[in-house]
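The structure appears right after this line, and notes come after that.
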Amino acid sequence: MSTYLIGDIQGCYDPLQQLLDQISFDPAKDRLWSCGDLVNRGGYSLQVLRLLKSIESSVSVCLGNHDLHLLANNQRHPDGGCRNPEFEAVFTAPDREEIMNWLCSQPLVSWSDEHQLLRLHAGVIPQWDLHAVLSAGQEVSDVLQSDKRGEFLRRMYGNSPKKWREDRTGWGRLRLITNILTRLRFCDEEGRGAYRVSGPPGSQPKKYKPWYKHKHRQTRDIRIAFGHWAALGLRIKKRYIAMDSGCVWGGKLTAYRLEDQAVFQTQCK
(Lines give C-alpha, C1' and ligand atoms only; values in the text may rest on other atoms or scores of the structure.)
Protein backbone atom coordinates (compact mmCIF):
# COMPACT_ATOMS: atom_id res chain seq x y z
CA MET A 1 0.00 0.00 0.00
CA SER A 2 1.23 3.47 -0.92
CA THR A 3 0.09 6.84 0.42
CA TYR A 4 0.27 9.84 -1.89
CA LEU A 5 -0.07 13.47 -0.94
CA ILE A 6 -1.45 15.53 -3.81
CA GLY A 7 -1.41 19.27 -4.32
CA ASP A 8 -4.10 21.71 -5.46
CA ILE A 9 -6.01 20.22 -8.41
CA GLN A 10 -8.43 23.13 -8.97
CA GLY A 11 -10.47 21.49 -11.69
CA CYS A 12 -7.49 20.26 -13.76
CA TYR A 13 -8.95 16.88 -14.67
CA ASP A 14 -6.55 15.70 -17.39
CA PRO A 15 -3.39 16.31 -15.32
CA LEU A 16 -5.04 14.46 -12.43
CA GLN A 17 -5.81 11.47 -14.64
CA GLN A 18 -2.29 11.50 -16.05
CA LEU A 19 -0.79 11.66 -12.57
CA LEU A 20 -2.89 8.75 -11.30
CA ASP A 21 -1.83 6.74 -14.36
CA GLN A 22 1.82 7.65 -13.79
CA ILE A 23 1.77 6.34 -10.22
CA SER A 24 -0.38 3.34 -11.20
CA PHE A 25 -2.81 4.31 -8.49
CA ASP A 26 -4.82 1.34 -7.25
CA PRO A 27 -7.88 2.35 -5.17
CA ALA A 28 -8.00 -1.14 -3.70
CA LYS A 29 -4.69 -0.72 -1.91
CA ASP A 30 -3.38 2.85 -2.30
CA ARG A 31 -4.43 6.09 -0.58
CA LEU A 32 -4.70 9.61 -2.00
CA TRP A 33 -4.48 12.43 0.53
CA SER A 34 -5.45 15.83 -0.86
CA CYS A 35 -4.36 19.13 0.65
CA GLY A 36 -7.52 20.79 -0.67
CA ASP A 37 -8.77 23.00 -3.49
CA LEU A 38 -10.19 20.30 -5.71
CA VAL A 39 -12.17 22.82 -7.75
CA ASN A 40 -12.28 26.13 -9.61
CA ARG A 41 -10.35 27.70 -12.51
CA GLY A 42 -9.14 24.55 -14.28
CA GLY A 43 -12.32 24.04 -16.29
CA TYR A 44 -13.32 20.53 -15.19
CA SER A 45 -14.32 20.69 -11.54
CA LEU A 46 -17.30 18.36 -11.95
CA GLN A 47 -15.10 15.70 -13.56
CA VAL A 48 -12.52 15.99 -10.77
CA LEU A 49 -15.19 15.65 -8.09
CA ARG A 50 -16.78 12.67 -9.79
CA LEU A 51 -13.46 10.91 -10.22
CA LEU A 52 -12.42 11.35 -6.59
CA LYS A 53 -15.84 10.43 -5.27
CA SER A 54 -15.80 7.26 -7.38
CA ILE A 55 -12.76 6.13 -5.35
CA GLU A 56 -13.85 7.77 -2.11
CA SER A 57 -12.84 4.86 0.12
CA SER A 58 -9.19 5.56 -0.77
CA VAL A 59 -9.41 9.37 -0.85
CA SER A 60 -9.16 11.90 1.98
CA VAL A 61 -9.57 15.64 1.34
CA CYS A 62 -8.77 18.55 3.64
CA LEU A 63 -11.12 21.26 2.43
CA GLY A 64 -9.60 24.38 0.88
CA ASN A 65 -10.98 27.86 0.37
CA HIS A 66 -12.16 27.08 -3.17
CA ASP A 67 -13.96 23.96 -1.97
CA LEU A 68 -15.75 26.02 0.67
CA HIS A 69 -16.57 28.64 -1.97
CA LEU A 70 -18.22 25.91 -4.04
CA LEU A 71 -20.24 24.78 -1.02
CA ALA A 72 -21.32 28.37 -0.33
CA ASN A 73 -22.48 28.84 -3.90
CA ASN A 74 -24.33 25.55 -3.69
CA GLN A 75 -26.40 27.10 -0.90
CA ARG A 76 -26.95 30.33 -2.83
CA HIS A 77 -28.10 28.63 -6.04
CA PRO A 78 -30.42 25.74 -5.15
CA ASP A 79 -31.89 25.88 -8.65
CA GLY A 80 -28.70 26.68 -10.55
CA GLY A 81 -27.98 30.01 -12.18
CA CYS A 82 -24.44 30.48 -10.80
CA ARG A 83 -22.24 32.78 -12.89
CA ASN A 84 -19.21 30.55 -12.35
CA PRO A 85 -19.47 28.06 -15.25
CA GLU A 86 -17.53 25.32 -13.44
CA PHE A 87 -19.77 25.59 -10.41
CA GLU A 88 -22.87 25.74 -12.60
CA ALA A 89 -21.85 22.45 -14.23
CA VAL A 90 -21.84 20.88 -10.76
CA PHE A 91 -25.16 22.47 -9.79
CA THR A 92 -26.94 21.23 -12.91
CA ALA A 93 -25.51 17.69 -12.65
CA PRO A 94 -27.90 14.86 -11.68
CA ASP A 95 -25.51 13.75 -8.93
CA ARG A 96 -25.16 17.25 -7.45
CA GLU A 97 -26.56 16.41 -4.01
CA GLU A 98 -24.49 13.26 -3.68
CA ILE A 99 -21.28 15.13 -4.58
CA MET A 100 -22.01 18.07 -2.27
CA ASN A 101 -22.80 15.78 0.67
CA TRP A 102 -19.55 13.91 0.10
CA LEU A 103 -17.57 17.16 -0.04
CA CYS A 104 -19.20 18.43 3.17
CA SER A 105 -18.15 15.25 4.95
CA GLN A 106 -14.46 15.99 4.38
CA PRO A 107 -12.47 17.58 7.24
CA LEU A 108 -10.46 20.81 7.31
CA VAL A 109 -7.64 19.12 9.21
CA SER A 110 -6.33 15.55 9.36
CA TRP A 111 -3.71 13.89 11.55
CA SER A 112 -1.93 10.63 10.72
CA ASP A 113 -0.41 8.66 13.59
CA GLU A 114 1.14 6.31 11.07
CA HIS A 115 3.09 9.05 9.29
CA GLN A 116 3.15 11.57 12.15
CA LEU A 117 1.80 14.12 9.70
CA LEU A 118 -0.66 16.98 10.08
CA ARG A 119 -2.48 17.88 6.86
CA LEU A 120 -4.51 20.99 6.06
CA HIS A 121 -4.96 23.44 3.21
CA ALA A 122 -3.22 26.65 4.27
CA GLY A 123 -1.51 27.13 7.64
CA VAL A 124 -1.60 27.49 11.41
CA ILE A 125 -0.94 30.38 13.76
CA PRO A 126 1.95 30.36 16.26
CA GLN A 127 -0.36 30.08 19.29
CA TRP A 128 -1.91 26.74 18.29
CA ASP A 129 -0.45 23.39 19.31
CA LEU A 130 -1.50 20.14 17.65
CA HIS A 131 -4.52 19.70 19.90
CA ALA A 132 -5.69 23.26 19.20
CA VAL A 133 -5.37 22.80 15.42
CA LEU A 134 -7.36 19.57 15.44
CA SER A 135 -9.97 21.00 17.79
CA ALA A 136 -10.39 24.17 15.70
CA GLY A 137 -10.80 22.19 12.50
CA GLN A 138 -13.38 19.96 14.14
CA GLU A 139 -15.42 22.98 15.21
CA VAL A 140 -15.90 24.02 11.59
CA SER A 141 -16.47 20.46 10.39
CA ASP A 142 -19.20 19.98 13.00
CA VAL A 143 -21.04 23.06 11.74
CA LEU A 144 -20.64 22.02 8.08
CA GLN A 145 -22.29 18.73 8.90
CA SER A 146 -25.16 20.28 10.86
CA ASP A 147 -28.33 22.19 10.10
CA LYS A 148 -26.30 25.41 10.61
CA ARG A 149 -24.30 24.76 7.43
CA GLY A 150 -26.15 27.32 5.34
CA GLU A 151 -25.78 30.12 7.85
CA PHE A 152 -22.09 29.38 8.37
CA LEU A 153 -21.42 29.42 4.61
CA ARG A 154 -23.14 32.79 4.37
CA ARG A 155 -21.14 34.24 7.25
CA MET A 156 -17.68 32.77 6.58
CA TYR A 157 -16.49 35.53 4.20
CA GLY A 158 -14.38 38.45 5.42
CA ASN A 159 -11.01 39.14 7.03
CA SER A 160 -12.17 39.98 10.53
CA PRO A 161 -11.68 39.23 13.32
CA LYS A 162 -7.91 38.94 12.84
CA LYS A 163 -6.52 38.07 16.28
CA TRP A 164 -7.14 34.71 17.89
CA ARG A 165 -8.53 34.56 21.40
CA GLU A 166 -9.53 31.28 22.94
CA ASP A 167 -12.59 32.90 24.52
CA ARG A 168 -13.85 34.23 21.18
CA THR A 169 -17.26 32.79 20.30
CA GLY A 170 -19.88 32.75 17.58
CA TRP A 171 -19.56 33.23 13.85
CA GLY A 172 -16.47 35.41 14.25
CA ARG A 173 -14.62 32.53 15.87
CA LEU A 174 -15.62 30.12 13.09
CA ARG A 175 -14.73 32.67 10.39
CA LEU A 176 -11.27 33.18 11.89
CA ILE A 177 -10.63 29.44 12.18
CA THR A 178 -11.68 29.02 8.56
CA ASN A 179 -9.42 31.83 7.38
CA ILE A 180 -6.44 30.41 9.25
CA LEU A 181 -6.86 26.84 8.04
CA THR A 182 -7.82 27.61 4.43
CA ARG A 183 -6.31 31.02 3.56
CA LEU A 184 -3.26 31.75 5.75
CA ARG A 185 0.15 32.37 4.18
CA PHE A 186 1.70 35.15 6.24
CA CYS A 187 0.99 36.15 9.84
CA ASP A 188 2.53 38.23 12.60
CA GLU A 189 3.70 36.97 16.00
CA GLU A 190 0.19 37.25 17.40
CA GLY A 191 -1.28 35.22 14.56
CA ARG A 192 -2.93 38.03 12.60
CA GLY A 193 -2.98 37.03 8.95
CA ALA A 194 -2.08 39.12 5.90
CA TYR A 195 -4.81 37.53 3.78
CA ARG A 196 -4.48 39.88 0.82
CA VAL A 197 -0.85 38.89 0.14
CA SER A 198 -0.35 35.82 -2.06
CA GLY A 199 3.19 36.26 -3.41
CA PRO A 200 6.35 34.38 -2.42
CA PRO A 201 8.18 34.89 0.87
CA GLY A 202 9.61 38.39 0.84
CA SER A 203 6.55 39.98 -0.77
CA GLN A 204 4.79 40.49 2.58
CA PRO A 205 4.78 43.62 4.80
CA LYS A 206 7.70 43.71 7.28
CA LYS A 207 5.88 42.67 10.44
CA TYR A 208 4.63 39.45 8.84
CA LYS A 209 6.40 36.15 8.19
CA PRO A 210 5.43 32.93 6.42
CA TRP A 211 3.37 31.12 9.05
CA TYR A 212 5.89 28.24 9.22
CA LYS A 213 8.82 30.61 9.96
CA HIS A 214 7.77 31.80 13.42
CA LYS A 215 10.35 30.64 15.98
CA HIS A 216 7.85 30.16 18.79
CA ARG A 217 5.20 28.33 16.73
CA GLN A 218 3.64 25.66 18.97
CA THR A 219 3.54 23.14 16.10
CA ARG A 220 7.23 23.60 15.30
CA ASP A 221 8.00 19.91 16.01
CA ILE A 222 5.05 18.66 13.95
CA ARG A 223 5.47 17.95 10.23
CA ILE A 224 2.71 19.71 8.29
CA ALA A 225 1.58 19.14 4.70
CA PHE A 226 -0.31 21.97 3.02
CA GLY A 227 -1.26 23.48 -0.34
CA HIS A 228 -2.74 26.88 -1.20
CA TRP A 229 0.52 28.68 -1.98
CA ALA A 230 1.40 28.38 -5.68
CA ALA A 231 3.98 31.18 -5.42
CA LEU A 232 5.83 29.12 -2.81
CA GLY A 233 5.92 26.06 -5.04
CA LEU A 234 6.80 22.50 -4.15
CA ARG A 235 8.96 22.35 -1.02
CA ILE A 236 9.76 19.17 0.86
CA LYS A 237 11.39 20.00 4.18
CA LYS A 238 11.94 18.22 7.48
CA ARG A 239 9.05 20.02 9.18
CA TYR A 240 6.75 20.94 6.30
CA ILE A 241 5.68 19.81 2.85
CA ALA A 242 4.32 22.51 0.53
CA MET A 243 2.35 20.74 -2.21
CA ASP A 244 0.89 23.48 -4.42
CA SER A 245 3.07 23.46 -7.54
CA GLY A 246 0.79 25.77 -9.52
CA CYS A 247 -1.05 23.33 -11.77
CA VAL A 248 -3.87 25.71 -12.65
CA TRP A 249 -1.34 28.48 -13.43
CA GLY A 250 0.55 26.41 -16.01
CA GLY A 251 2.82 24.69 -13.51
CA LYS A 252 2.67 21.06 -12.44
CA LEU A 253 0.42 18.78 -10.45
CA THR A 254 2.44 16.91 -7.83
CA ALA A 255 2.07 13.67 -5.90
CA TYR A 256 4.45 12.78 -3.06
CA ARG A 257 4.69 9.21 -1.83
CA LEU A 258 5.14 9.22 1.93
CA GLU A 259 6.61 5.75 2.22
CA ASP A 260 9.77 6.49 0.20
CA GLN A 261 9.65 10.29 -0.43
CA ALA A 262 9.28 9.81 -4.20
CA VAL A 263 7.92 12.77 -6.20
CA PHE A 264 5.73 12.43 -9.28
CA GLN A 265 4.55 15.30 -11.48
CA THR A 266 2.53 16.03 -14.59
CA GLN A 267 2.87 19.23 -16.60
CA CYS A 268 -0.24 21.36 -16.91
CA LYS A 269 -1.32 23.54 -19.79
> Is it the case that Ser160 and Arg175 place a side-chain donor and acceptor less than 3.5 Å from each other?
Replying inline: no

>> Just to verify, what does Glu166 make a side chain to side chain contact (heavy atoms under 4.5 Å, CB included) with, not counting sequence neighbours?
In response: Trp164, Arg173

>> When you compare the side chains of His121 and Asp37, does any donor N or O come within less than 3.5 Å of an acceptor on the partner?
In response: yes

>> Could you list the cluster mates of Leu5? Members are the ILVMFWY residues connected by side-chain heavy atoms closer than 4.5 Å, either directly or through other members.
In response: Trp33, Leu117, Leu234, Ile236, Ile241, Met243, Tyr256, Leu258, Val263

> So, Ser58 and Arg31: side-chain donor and acceptor under 3.5 Å apart, yes or no?
Replying inline: no

> Is the distance between the ring centroids of Trp211 and Phe226 under 6.0 Å?
Replying inline: yes

>> Does atom OH (Tyr44) have a neighbourhood of more than 12 heavy atoms from anything else shown, all under 6.0 Å?
In response: no

> Should Leu184 and Asn179 be marked as a side-chain contact (heavy atoms from CB on, under 4.5 Å) after you check the CA-CA gap, both sets of side-chain angles, and the distance that decides it?
Replying inline: CA-CA 6 Å; Leu184 190 71; Asn179 282 338; over 6 Å; no

> Which heavy-atom pair separates Phe186 from Ser203 by the least distance, and what is that distance?
Replying inline: CZ-OG, 4.0 Å

> How far apart are the closest heavy atoms of Met100 and Leu70, and which atoms are they?
Replying inline: CE-CD2, 3.6 Å

>> So which atom in Pro210 and which in Trp229 form the shortest heavy-atom distance, rounded to 0.1 Å?
In response: CB-CH2, 3.9 Å

>> Rounded at 0.5 Å granularity, tell me how far OG in Ser112 sits from CZ in Arg119.
In response: 8.5 Å

>> Just to verify, what does Asp221 make a side chain to side chain contact (heavy atoms under 4.5 Å, CB included) with, not counting sequence neighbours?
In response: none

>> With side-chain hydrogen bond (donor to acceptor under 3.5 Å, both in side chains) as the rule and sequence neighbours excluded, what pairs involving residues 92-102 come up?
In response: Arg50-Asp95, Lys53-Glu98, Asn74-Arg96

> Do we see a donor-acceptor contact under 3.5 Å between the side chains of Asn73 and Asn84?
Replying inline: no

>> Within the 4.5 Å heavy-atom criterion, are Ile99 and Leu46 side-chain neighbours or not?
In response: yes

> Can you find a side-chain donor-acceptor pair between Gln18 and Thr266 that sits under 3.5 Å?
Replying inline: no

>> According to side chain to side chain donor-acceptor pair (under 3.5 Å), who are the partners of Asp142, at least two apart in sequence or on a separate chain?
In response: Gln138

> Measuring from Thr219:OG1 to His214:NE2, what's the distance to the nearest 0.5 Å?
Replying inline: 11.0 Å

> Is a side-chain donor-acceptor pair under 3.5 Å present for Glu259 with Ser2?
Replying inline: no

>> Does anything in residues 181-199 form a salt bridge (Lys or Arg N to Asp or Glu O under 4.0 Å)? List the pairs, not counting sequence neighbours.
In response: Lys163-Glu190, Asp188-Arg192, Glu190-Arg192

> Do you know which two heavy atoms are closest between Thr3 and His115, and how far apart they sit?
Replying inline: OG1-NE2, 3.7 Å

> For atom NZ of Lys162, is the number of surrounding heavy atoms from other residues, nucleotides or ligands below 6.0 Å larger than 12?
Replying inline: no

> Looking at Leu253 and Gly7, what are the two nearest heavy atoms and their distance?
Replying inline: CD1-O, 3.9 Å

>> So which atom in Leu181 and which in Trp128 form the shortest heavy-atom distance, rounded to 0.1 Å?
In response: CD2-CZ3, 3.9 Å

>> With a 6.0 Å cut-off on the ring centroids, do Phe87 and His77 count as close?
In response: no

